[in-house]
Each structure stands twice: as structure tokens, then as C-alpha cells.
Participant: 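Handing you a structure now.
All values below were derived from every heavy atom in this structure, side-chain atoms included, with hydrogens, water molecules and symmetry-related copies excluded. The sequence lines fix the lettering, A, B, ..., with proteins before strands; numbering per chain opens at 1.
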Amino acid sequence: MRWSRLHIPTLRDDPAEAEVVSHKLLLRAGYVRQLSAGLYCYLYLAKRSLHKVEQIVREEMDRIGAQEIYTPELHPAEIWKESGRWDAIGGDMFRLKDRWGREHCLGMTEEEVVTFIARGELRSYKQLPQIWYQIQAKFRDEPRPKSGLMRVRRFTMKDSYTFDMDKAGLDAAYDRHHAAYCRIFDRCGLQYLPVEAHSGPMGGSESCEFMVPSPAGEDWIVECPESGYRANLEKAVTEPRPPEAPDPCGDAGPEEFPTPGRKTIEEVAAFDGQPASSHIKSLLMVAGNRPLMVLLRGDDQLNELKLAQRLEGELARPAHPEEIRGCLGAGAGYIGPVGADGLELLADSALEGRRNMVAGANKDGFHLRGVTPGRDFTAGYSDLREAREGDSDVESGSPVRCRKAIEVGHIFKLGDKYSKSMGLSVLNEQGRSVTPVMGSYGIGIERILTGAIEQGHDEAGMALPASIAPFEAVVTPVNVKNDAQRKVAEVLYDQMGRLGVDVLLDDRYERAGVKFKDADLIGIPYRVTVGRRVSDGLVELSERKTKRSENVTIGKLAAMLKRRIADAMPKAGAGGSA
RNA sequence: CGGGGCGUGGCGCAGUCUGGUAGCGCGCCUGCUUUGGGAGCAGGAAGUCGGGGGUUCGAAUCCCUCCGCCCCGACCA
């Protein structure tokens with residue numbers, strides 16, 4: 001392609017609305033333009049780059065025997081009602097009515113649609129297993145789109161779905177996807193980590209997220225370098241940190257003391273001199289219609305997903321102030337487990353074995369000291385707290401650390417949630433009707449590009465991996481008015497094109513500095529500079545990432561560059577783990 | 001949905017407090033010069049000051065209202 005004919009609207013200044021690096025660079029380098037909040041137009045460079053990502057994804061999906069299909073983005077409400085998700089999903093789903101008033105939605109994911117297809121087609125165990133995938137637009141009415149392409153309302157997803165006769169088949173399909181995803185992210189040149197994740201409303205038993213560590217990420221991952229444990233924060237299980245002060249001795253039992261006006265743990269801790277870790281945090285929650293009390297160490301936070309798990313999937317909400325007073329006769333700052341008769345008490349395991357702690361007295365203006373779990377109240381223990389940096393790893397006992405990351409992929413073992421609710425069954429070898437088990441596997445195409453930019457950039461702009469950069473090389477004649485330079489540039493451009501190099505010719509009538517800055521900004525991995533030295537039969541080859549350059553004989557350039565690019569191409573199995 | 005910020009030629013911004021003919025840098029167009037890291041000179045085009053309503057002799061500026069975008073939080077398949 002000839003740059004002079006392309007629309008690559010690079011900007012000299014950072015756009016005011018962009019905060020994160022990838023967002024700034026995507027705008028500055030002329031990859032994208034914003035249509036409205038969370039909606040982006042992909043210009044030529046973005047489209048080329050994303051197309052390369054999609055091709056890598058296709059190749060690796062095909063390699064595990066997946067079949068590419070396409071299903072509409074617009075879905076009738078009926079199938080979502082069958083699975084139960086029409087009601088289970090809240091405002092995140094775009095819903096609309098057609099002219100007859102029939103309800104529809106824009107697909108956020110496609111379990112219902114593929115199950116609809118499958119139940120109409122699959123009859124026999126002989127037809128299984130199946131792996132279907134597509135690369136297609138997904139819509140989510142995000143409450144707060146942000147960070148450029150990171151969190152948007154329309155994005156491109158590769159989503160695949162597997163159908164197997166049994167758990168063993170699903171396990172195999174899941175493992176093959178895991179391997180395919182590693183190959184994909186390796187080939188896209190990403191540093192990434194597979195982590196244990198929470199399945200959420202998607203359902204199912206097991207899930208794994210593929211995370212690209214980056215300060216711009218929105219998820220937290222918890223990891224132990226010692227044991228190799230890695231999990232999403234919302235799923236992570238750790239051993240609590242030791243309390244800041246040892247528990248006081250003695251068996252005196254709870255003793256009331258006045259704490260007027262001190263409601264928060266911090267205020268009471270500052271008042272009574274005991275650290276937060278010696279306090280019991282008491283939260284009144286409501287699950288369905290029944291109130292229950294959740295107990296945590298004063299310096300821990302409740303992980304609501306873990307609580308929901310403990311309640312067998314039921315979501316609990318914090319009680320309203322009137323409910324708290326009605327239930328316990330005191331305000332939120334003064335409630336506690338002692339004497340909270342009739343309430344179900346759920347305690348975090350960090351409280352097990354502790355003695356003589358401080359808790360609310362269920363009486364405004366008073367707390368209790370000397371509260372010992374198990375003696376002064378009876379609770380069921382389970383893991384309810386959010387993991388924190390510095391907690392101990394369950395296996396190795398070493399401290400865990402937390403990092404921010406971008407979720408680029410997520411794979412789920414769904415089980416029979418959709419096949420059962422939507423009536424998919426096949427006959428097995430014995431002629432009996434069996435419900436197949438399903439898996440579902442997603443990759444955010446744009447997030448791969450975003451992650452690659454976040455991980456590969458400098459002051460000058462993007463430094464993209466050769467596999468997903470919009471072009472592999474650019475040929476830059478320094479002075480287009482110089483016939484010799486222009487001619488050599490044209491020849492090299494032709495030669496490289498014939499060798500299959502994805503090359504761009506910067507034939508613009510611009511000064512050299514402008515061309516160099518633009519090439520650096522849009523992140524082309526190699527630049528061939530055709531300048532004064534052509535008279536000596538030499539051109540310059542420079543690498544974007546390392547900024548290294550060397551003089552090369554004109555006749556040898558094309559073949560040499562071809563080899564260079566092949567060597568630089570990120571490869572599967574190269575171990576892109578961060 | 002709560003809190004904060006912003007909206008002025010394509011981009012980045014000043015002007016708003018204290019009302020009085022809309023400005024700067026970059027970009028764009030034409031010409032000449034220049035040509036290895038965002039050139040110089042000369043000339044030029046381009047703005048319903050986010051929309052609507054009000055106050056005023058007069059509104060980018062003051063008041064009311066609506067809309068949009070960004071950030072923090074809530075939320076989040």
C-alpha cells in the first residue's frame with residue numbers, strides 16, 4: 001500500500017478525553033475514532049491489525065477442530081426466556097422491540113443461540129463431540145464504558161461452544177481450548193497468565209481467565225510466586241495475615257464499654273487502642289427475605305461472591321438502616337454477634353480460634369470486649385473475605401501479591417445448564433436420551449490489541465509485535481524529490497511485496513522527520529530508510545522496538561528483511577507467560 | 001445512579017470570575033525556499049462558542065433547562 005493514498009489521520013497532541021496509554025495511542029495513531037461513549041469506529045490501521053488477530057484466532061481454533069459459524073447478533077427474547085437469563089440479566093443487555101412489539105435483544109454471548117441450533121440438529125451420540133465458533137460483534141450496555149477499547153458497548157468476540165456426551169469429553173474440550181488460547185496469546189506476542197476465575201451468572205463448574213498484566217487493567221489477580229497459585233481476586237482463597245496484636249488472655253467473658261459516637265472500626269480501634277484485626281466486623285445482610293449476620297475480621301472486606309456461594313447462589317444485599325434497628329435494636333455501628341439470637345451467623349474463617357475480640361454490643365454507644373467466637377456466639381465458618389496483598393498462600397505459606405490485569409479470554413465448563421433448560425438431548429449407545437454437557441469459551445479481539453499496546457509502547461508511540469502490527473515494514477524514501485531514492489524505494493517495495501512481506505511505502509510528499517515520527521507512532525516493526533547512502537548502494541534497516549539500525553546492501557535487503565520478520569514473529573509455545 | 005471535571009474552527013488550548021466586534025499554537029489550502037527526526041517565509045480558508053429558553057441596549061461570558069464526553073465510585077457474563 002502507498003501511504004499517500006491512505007487515510008491515516010495521526011495527531012500531534014494527545015486527545016484530551018484519553019487517559020490510558022492504549023486509548024491515547026489508538027486515537028493519536030489514527031487507528032480509531034469515537035462515535036459515542038463506548039462505541040468506536042475502526043479506521044484502516046485498526047481494521048488491519050484486528051484482522052490479523054482474528055486470523056491467528058481462526059488458525060488456532062481450526063487446529064483444534066473447531067468449525068466457524070455465524071449467528072445473528074439480534075436475538076428473539078424467547079430463547080433467553082427459556083434459559084432463564086432474560087430475567088437473570090439486568091441492565092447489561094440491550095433490549096428492543098420490533099414493529100410488532102415482539103421483544104428482542106442484542107447478543108452479549110450466544111449460549112442460547114447455539115443450544116437452539118444444537119437441539120434442532122443433534123440427535124445421536126455419533127454426532128458428538130462438536131466445537132463451533134464464531135468471530136462476531138457482541139453488545140453490552142455497560143453502565144460506564146471507559147479506557148478506549150478496554151470497556152465498550154460493542155466489541156468483537158471470538159466465542160466457541162462445545163457439546164460433549166459426558167464430563168470426560170467436556171474436560172478434553174476445555175483442555176484443548178486452554179492450549180489453543182495459550183497458542184493464540186503467544187502468537188499475538190502477549191505476556192499473559194491463566195488464572196482461576198469465577199463463573200458468575202454464566203453458570204458452570206470451572207472457569208479460567210487469561211489475563212494480561214497491565215496497570216491499565218480493571219481486574220486484580222492474586223498470585224503466589226512460590227506455589228504458582230494464580231486466581232482472580234474475586235475467586236482467590238488465601239490464609240489470613242496474622243493479627244496485628246495477639247489476643248488478650250483471660251476467660252472473663254464479654255464486657256460492655258461505652259464508645260459514644262464511634263461507629264466505624266477505625267474510630268473504635270483508635271478509641272480502645274486495639275488494632276482493627278482484633279475487632280469483629282458485623283454486617284447485617286438480607287438474602288431473599290431472611291436477615292443474616294456476616295462476621296469478618298475488622299481489617300477484612302466481605303467478598304460478596306463468596307457469600308453468595310455460601311448461600312448456594314443466593315445473592316445477599318446489605319440491610320437497610322431500619323432493618324438493622326428492627327432486627328438488633330441498635331444502629332449499624334454498634335451491632336455484633338453476641339445476643340443476636342435467632343439470626344443465622346456466618347463467620348469468616350479468619351475468626352476461627354480467636355479470643356477476646358471487640359464487637360458491637362447491639363446497644364447504641366456501646367461495644368463489648370472479651371468476645372470469644374464459639375463461646376459467646378455460635379457461627380458457621382467459611383471463607384468469606386476478600387484476599388489481600390500480604391495474605392499467605394494456602395499451599396506454600398508465602399505471601400501473595402496482587403497485580404492489575406486486562407482480561408483477554410475466559411473459558412467455562414458450563415455443564416448442562418443450557419442443554420437442560422433448553423431441552424437439548426441425544427440418544428446414547430443404549431438408545432437412552434442423554435443431556436450433552438457444554439463448554440463456552442470467549443476471547444475479546446480488541447482487548448488483544450489493547451493489551452499489546454499497553455505492553456508494547458514508548459514515548460514515540462506503539463511498538464507492536466510483528467504478528468499483529470497493521471504492516472510488517474515500511475519503506476521510507478527520505479526525499480521523494482530525489483529520483484534515485486524514490487526509484488530504489490519503489491524497487492524494494494516491489495521486491496518485498498513479492499516475497500510476501502506486508503509492506504507499506506511511505507511515498508508522501510513530507511519531510512523525513514514527519515515520516516519517521518508517524519512510522520514510530522503507528523508501531524510498524526521494521527523501517528527501511530532510503531536516503532543519501534543509496535549512492536553507495538546502501539539503505540538503512542531499523543527495528544521499532546529496539547531502535548537498533550544497520551546499513552544493508554540494497555540487493556540483499558528484501559530477503560534479509562523477510563528472514564528478520566520471520567524470526568521476530570512471536571511463536572506459539574514460546575512461553576508468553578508473564 | 002451518586003460525586004467531580006469538561007464542552008470555543010480538524011486537534012490542543014486561552015478568553016467566562018469582572019457582559020462590549022471570537023483569539024493563540026498545531027493542522028489544512030496556495031506560492032517560493034528547504035529536505036535524515038513533527039522546516040522557514042508570505043498569503044489564505046475554516047467557528048450555530050454543545051442545544052433551547054431567559055436577563056440585558058448588548059451574552060462564549062450572567063440565570064434556568066436539556067444534551068454530550070471524560071474521571072472516581074456504584075455496577076459489571
Participant: If the C1' atom of U55(B) is compared with that of U65(B), how far apart are they to the nearest Å?
Facilitator: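 That atom pair is separated by 15 Å.
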Participant: On a whole-Å scale, what distance lies between the C1' atoms belonging to C57(B) and G12(B)?
Facilitator: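 One C1' to the other, the span is 37 Å.
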Participant: OP1 or OP2 of G27(B) less than 4.0 angstrom from a side-chain nitrogen or oxygen of Arg12(A), does that happen here?
Facilitator: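 Affirmative; the distance criterion is met.
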Participant: Could you write nucleotides 65-70 of chain B as a row of B, S and -, 5' to 3', where a protein heavy atom under 4.0 Å of any base atom gives B, of only sugar-phosphate atoms gives S, and otherwise -?
Facilitator: ----SS
Participant: May I ask you to evaluate whether Arg511(A) reaches the phosphate of A39(B), defined as a side-chain N or O under 4.0 Å from OP1 or OP2?
Facilitator: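 Answer is yes, contact under 4.0 Å.
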Participant: Please give the distance between the C1' atoms of C28(B) and A45(B) as a whole number of Å.
Facilitator: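 Comparing C1' positions in C28(B) and A45(B) gives a spacing of 8 Å.
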Participant: Name the orientation class of the two ring planes belonging to Phe94(A) and Phe139(A) (parallel below 30°, tilted from 30 to 60°, perpendicular beyond 60°).
Facilitator: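 The arrangement is perpendicular - the two ring planes meet at more than 60°.
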Participant: Give a yes/no on whether any side-chain N or O of Arg532(A) is located under 4.0 angstrom from OP1 or OP2 of G36(B).
Facilitator: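 Yes, because at least one side-chain N or O of Arg532(A) sits under 4.0 Å from OP1 or OP2 of G36(B).
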Participant: Find the distance Phe94(A):CZ to A77(B):P and express it as a whole number of Å.
Facilitator: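 Roughly 15 Å, once rounded to whole Å.
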Participant: Using the P atom as the point on both nucleotides, what is the distance between G44(B) and C6(B), in whole Å?
Facilitator: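 Straight-line distance between the two P atoms is 36 Å.
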Participant: What's the gap between U21(B) and G58(B) when it is taken at their P atoms, as a whole Å value?
Facilitator: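 Going atom to atom, P in each nucleotide, I get 15 Å.
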Participant: Nearest of G37(B), A77(B), G36(B) to any side-chain atom of Arg527(A)?
Facilitator: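 Selected nucleotide (nearest to the side chain): G37(B).
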Participant: Quantified in whole Å, what is the P atom distance between nucleotide C24(B) and nucleotide U34(B)?
Facilitator: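 Comparing P positions in C24(B) and U34(B) gives a spacing of 30 Å.
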Participant: Are the ring centres of His178(A) and Tyr441(A) closer than 6.0 Å?
Facilitator: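 No, too far apart.
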Participant: What is the per-nucleotide protein-contact pattern of nucleotides 40-48 of chain B, from the 5' end, where B denotes a base atom under 4.0 Å from a protein heavy atom, S denotes such proximity for sugar-phosphate atoms only, and - denotes neither?
Facilitator: ---------
Participant: When both hydrogen-bonding distances must be under 3.5 Å and the geometry is Watson-Crick or G-U wobble, what is G2(B) paired with, if anything?
Facilitator: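 Partner of G2(B): C72(B).
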Participant: Mind checking what makes side-chain contact (heavy atoms from CB on, under 4.5 Å) contact with Glu17(A), not counting sequence neighbours?
Facilitator: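 By the side-chain contact (heavy atoms from CB on, under 4.5 Å) rule, Glu17(A) matches Pro15(A), His23(A), Leu27(A), Gln34(A).
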